[in-house]
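Here is the structure we will look at, set down as structure tokens.
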Amino acid sequence: MPELPEVEVVRAGLVPAATDAVVTRVRVFDERSLRRHPGPAEDFIHRLTGAVLAAPSRRGKYLWLPVAESDEALVVHLGMSGQVLLRDPDAEIAKLTRIVLDMVQPGHGPVRLDFVDQRIFGSMALDELVPTGDQPGERVPRSVVHIARDPLDPHFDDRVFLDRLARRDTTIKRALLDQTLVSGIGNIYADEALWAARIHYDQPTRALSRARARTLLAEVRMVLAKALAEGGTSFDAQYVNVNGASGYFSHSLNAYGQQGLPCPRCGTPIVREVFMNRGSHFCPRCQRIRVPRSA
DNA sequence: CCGGACTCCTGGTTGC
DNA sequence: TGCAACCAGGAGTCCG
């Protein structure tokens with residue numbers, strides 16, 4: 001599942017081909033990929049055709065391409081299975097392609113942007129850019145306003161995050177996956193960061209000390225940065241899958257999907273449990289729920 | 001504020 | 001070999 005590192009790899013991969021590109025043609029093969037667009041496909045096509053795109057931005061798992069000299073942006077969310085591919089305009093269109101943008105980039109020339117999405121949880125949409133309020137001049141799509149900054153954002157405020165976390169009466173993995181508290185973390189990197197910090201996924205946040213919360217945040221950053229470094233080097237220049245088809249960096253996972261395999265730290269078999277309708281992978285020895293003595 | 005249930009969706013895998 | 005059931009889960013919404 002694309003999480004922050006995968007989306008960032010896509011964003012970075014799009015910079016040379018999409019910045020200053022003119023959209024010359026828009027094809028929508030499946031309108032369900034426009035579920036979040038406020039209008040019919042014809043509206044999407046009409047407004048996007050002829051638009052000049054600016055450098056792509058990202059917050060958490062959301063990616064957007066501002067439309068130059070306008071208050072709009074093309075918002076892309078990859079959902080569970082979305083991919084953004086840059087192709088030669090003459091290349092064959094793959095089976096699960098939902099939307100295709102033909103573009104011309106000065107210097108780069110003609111290029112085709114394919115939005116491929118098997119499960120159609122992802123989407124493209126045109127949305128209004130609005131000020132963030134806390135950073136002068138900064139704008140994000142309206143549909144992204146409620147998303148918290150991600151831990152790799154230079155304006156992410158550790159203290160604010162730790163304060164908000166401390167006030168939450170919930171469990172830690174639920175909090176990590178709450179994109180309005182901290183963004184960019186999905187199921188894989190939540191499990192990986194919790195493993196690294198030796199915290200059980202169902203640990204009540206009320207019983208999590210500030211020191212351990214700080215450690216967890218540091219591990220989240222490390223896990224994201226490491227995946228980003230690996231993903232960032234795994235795709236080459238031009239007409240490649242900018243989504244990095246490299247299996248989401250699965251070669252360096254310690255807990256996610258490792259059920260039955262020995263914990264890299266202590267050798268105890270990793271356990272998988274269902275939590276929040278998804279798998280949670282953890283070491284039953286290294287990661288135990290801790291409760292205060294008074295509780 | 002919190003959590004649970006439900007919805008969206010389909011290719012690949014599993015099980016009979 | 002055939003086919004149905006099951007699984008993966010990001011995120012929004014509704015409800016108690």
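Note that the coordinates shown come from a computational prediction; the quantities given were computed from them, not determined experimentally. Every chain is numbered from 1 and lettered A, B, ... according to where its sequence line falls, protein lines coming before strand lines.
Taking the ring centre of Trp195(A) as origin, the terminal cationic atom of Arg265(A) falls inside the region bounded by 6.0 Å and 45° from the ring axis.
What separates NE2 of His77(A) from P of dG9(C) is a distance of 15 Å, to the nearest Å. Taking atom CG of Leu176(A) as the reference point, atom C1' of dA11(C) lies 16 Å away to the nearest angstrom. Taking atom CD of residue Glu6(A) and atom P of nucleotide dG9(C), one finds them 14 Å apart after rounding to whole Å. If you measure from atom CE of Met80(A) to atom C1' of dC8(B), you get 12 Å, rounded to the nearest angstrom. In this structure, Met276(A) atom CE and dC7(C) atom C1' are separated by 18 Å, rounded to whole Å. The distance between atom CG of Asp117(A) and atom P of dC9(B), rounded to the nearest whole Å, is 11 Å. Across the protein-nucleic acid pair, Asp178(A) atom CG and dG9(C) atom P stand 18 Å apart, rounded to whole Å. For Leu181(A) and dC2(B), the CG to C1' distance is 14 Å, given to the nearest whole Å.
For the residue pair Gln179(A) / Tyr62(A), no side-chain donor-acceptor distance below 3.5 Å is found, with atom types taken as modelled.
You'll find the side chain of Pro5(A) reaches within 4.5 Å of the side chain of Tyr189(A), heavy atoms only. Contact of the Leu194(A) side chain with the His200(A) side chain is not registered, since no non-hydrogen atoms from C-beta on lie closer than 4.5 Å.
Sorted by first and then second residue, the pairs that involve residues 90-106 of chain A and meet side-chain hydrogen bond (donor to acceptor under 3.5 Å, both in side chains), not counting sequence neighbours, are Arg27(A)-Asp102(A).
Nearest to the side chain of Tyr256(A), among dA11(C), dA8(C), dC9(B), sits dA8(C). Counting only heavy atoms from C-beta on, Arg272(A) has its side chain closest to dA8(C) among dG4(B), dT10(B), dA8(C). When distances run from any side-chain atom of Thr170(A) to the nucleotides dC2(B), dA11(C), dC9(B), the shortest one goes to dC2(B). Distances from the side chain of Arg168(A) to the nucleotides dG9(C), dC2(B), dG4(B) place dC2(B) closest. Proximity note for Arg98(A) (side chain, C-beta onward) versus dT10(B), dC2(B), dG9(C): the nearest is dT10(B). Side chain of Arg35(A), nearest nucleotide from dG9(C), dC8(B), dA11(C): dC8(B).
For dG10(C), the OP1/OP2 oxygens have no side-chain nitrogen or oxygen of Tyr189(A) closer than 4.0 Å. The phosphate of dA11(C) has OP1 or OP2 within less than 4.0 Å of a side-chain N or O from Gln179(A). For Arg278(A), no side-chain nitrogen or oxygen approaches OP1 or OP2 of dC7(C) to under 4.0 Å.
The aromatic rings of His37(A) and Phe44(A) sit perpendicular, their planes meeting at an angle over 60°, well past the 30° parallel limit.
Stacking annotation: Phe121(A) is stacked on the base of dG10(C) (ring centroids less than 5.5 angstrom apart, interplanar angle below 30 degrees).
Within 4.0 Å (heavy atoms only), Arg164(A) reaches no atom of the nucleic acid at all.
In this model, a side-chain donor or acceptor of Arg119(A) finds a partner on the base of dA8(C) within 3.5 Å.
If you find the closest nucleotide of DNA chain C to Gln118(A) and to Ser143(A), the one lying nearer the 5' end belongs to Gln118(A).
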